[in-house]
Amino acid sequence: MINLIPEYLLQNLGRIIFMMGLLSLITIGLRNFCLTFQQGISYVRRLHQIPCSRCIFFTGDYRLKCTVHPYNALTETALNCSDYEPNNYLAKPILQQCKSNSQY
């Protein structure tokens, strides 16, 4: 009888199939990790484009974040806010505190 497959391959066929399966699972896992990481990076970049913290209507209080759009503040729907006004600290007058001479 003619052997088309060498004997050592027949003896180690289970190991070969197992290693090929293991390598394919590792490859698929690494690919999915890279895709998820790239999607996460793009999502974080999109969130960093939200202009609410630089708006004049942003209060900074967690109870009322924005006086114009309180439900949309700091969300993705605020990316194209029609009421956005840049907060220009240089245009505002600087208030000076009055020093009192009273002692405690």
Side-chain angles (χ1 to χ4, degrees):
M1 185 183 257
I2 300 174
N3 286 334
L4 298 176
I5 301 174
E7 187 176 331
Y8 67 91
L9 282 180
L10 287 175
Q11 291 174 353
N12 295 322
L13 190 61
R15 290 181 185 160
I16 293 171
I17 292 173
F18 176 76
M19 290 303 289
M20 288 175 55
L22 187 64
L23 285 175
S24 64
L25 286 177
I26 290 173
T27 304
I28 291 170
L30 286 175
R31 181 181 170 271
N32 286 339
F33 175 76
C34 289
L35 289 176
T36 304
F37 187 74
Q38 288 174 350
Q39 288 174 352
I41 292 295
S42 66
Y43 181 70
V44 168
R45 284 184 181 157
R46 189 171 56 245
L47 287 181
H48 277 279
Q49 293 175 353
I50 296 174
C52 289
S53 62
R54 298 179 304 271
C55 181
I56 197 166
F57 300 114
F58 184 70
T59 62
D61 188 11
Y62 73 93
R63 292 169 287 193
L64 180 65
K65 298 172 199 157
C66 178
T67 56
V68 179
H69 301 287
Y71 294 110
N72 295 336
L74 298 175
T75 62
E76 288 186 65
T77 57
L79 282 173
N80 297 321
C81 183
S82 60
D83 295 317
Y84 173 72
E85 290 288 330
N87 192 356
N88 192 355
Y89 291 111
L90 298 176
K92 291 183 181 179
I94 299 174
L95 300 176
Q96 295 180 357
Q97 294 179 349
C98 296
K99 294 182 180 180
S100 62
N101 292 335
S102 64
Q103 294 180 0
Y104 297 105

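When reading the values below, keep in mind they use all heavy atoms of this one structure, side chains included, and skip hydrogens, waters and symmetry mates.
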Practice task
Among Ile, Leu, Val, Met, Phe, Trp and Tyr joined by side-chain contacts under 4.5 Å, find the other residues sharing a cluster with Leu25 and list them by chain and number.
Solution key: none
Practice task
Under 4.5 Å between side-chain heavy atoms, chaining through other members, with only Ile, Leu, Val, Met, Phe, Trp and Tyr counted: pull out the rest of the cluster around Ile28, sorted by chain and number.
Solution key: none
Fill in the blank from the handout: Output for pair (Leu47 CG, Leu79 CG), nearest 0.5 Å, gives 8.0 Å
Handout entry: Non-neighbouring partners of Glu85 that pass side-chain hydrogen bond (donor to acceptor under 3.5 Å, both in side chains), sequence neighbours left out
Key = none
Completion exercise
CZ (Phe58) and CG (Asn87) are apart, to the nearest 0.5 Å, by 10.5 Å
Practice task
Supply the atom-to-atom distance Thr36 OG1 to Ile41 CD1, rounded to the nearest 0.5 angstrom.
Solution key: 12.0 Å
Handout entry: Pairs where residues 37-48 contributes a residue and the test side chain to side chain donor-acceptor pair (under 3.5 Å) is met, not counting sequence neighbours
Key = Arg46-Glu76
Handout entry: Qualifying residues under side-chain hydrogen bond (donor to acceptor under 3.5 Å, both in side chains), relative to Arg54, sequence neighbours excluded
Key = none
Problem - Pairs involving residues 26-39, ordered by first then second residue, that meet salt bridge (charged side-chain N to carboxylate O under 4.0 Å, His left out) (sequence neighbours left out) - result: none
Completion exercise
The side-chain hydrogen bond (donor to acceptor under 3.5 Å, both in side chains) partners of Thr75 (sequence neighbours excluded) come to Thr77
Practice task
Nearest 0.5 Å please: distance from the CZ atom of Phe57 over to the SG atom of Cys52.
Solution key: 12.0 Å
Which atom pairs, donor and acceptor, lie under 3.5 Å between side-chain atoms of residues 61-68 and protein residues at least two apart or in another chain?
{"unit_1": "Asp61", "atom_1": "OD2", "unit_2": "Arg63", "atom_2": "NE", "d": "3.3"}
{"unit_1": "Asp61", "atom_1": "OD2", "unit_2": "Arg63", "atom_2": "NH2", "d": "3.4"}

Problem - Apart from Leu23 itself, residues in the same hydrophobic cluster as defined by side-chain heavy atoms under 4.5 Å - result: none
Problem - Partner residues of Gln11 under the side-chain hydrogen bond (donor to acceptor under 3.5 Å, both in side chains) criterion, sequence neighbours left out - result: Glu7
Completion exercise
CG of Asn72 to CD1 of Ile50, rounded to nearest 0.5 Å, is 10.5 Å
Handout entry: ILVMFWY clustering at 4.5 Å (side-chain atoms), partners of Phe18
Key = Met19, Leu22, Ile26, Leu30
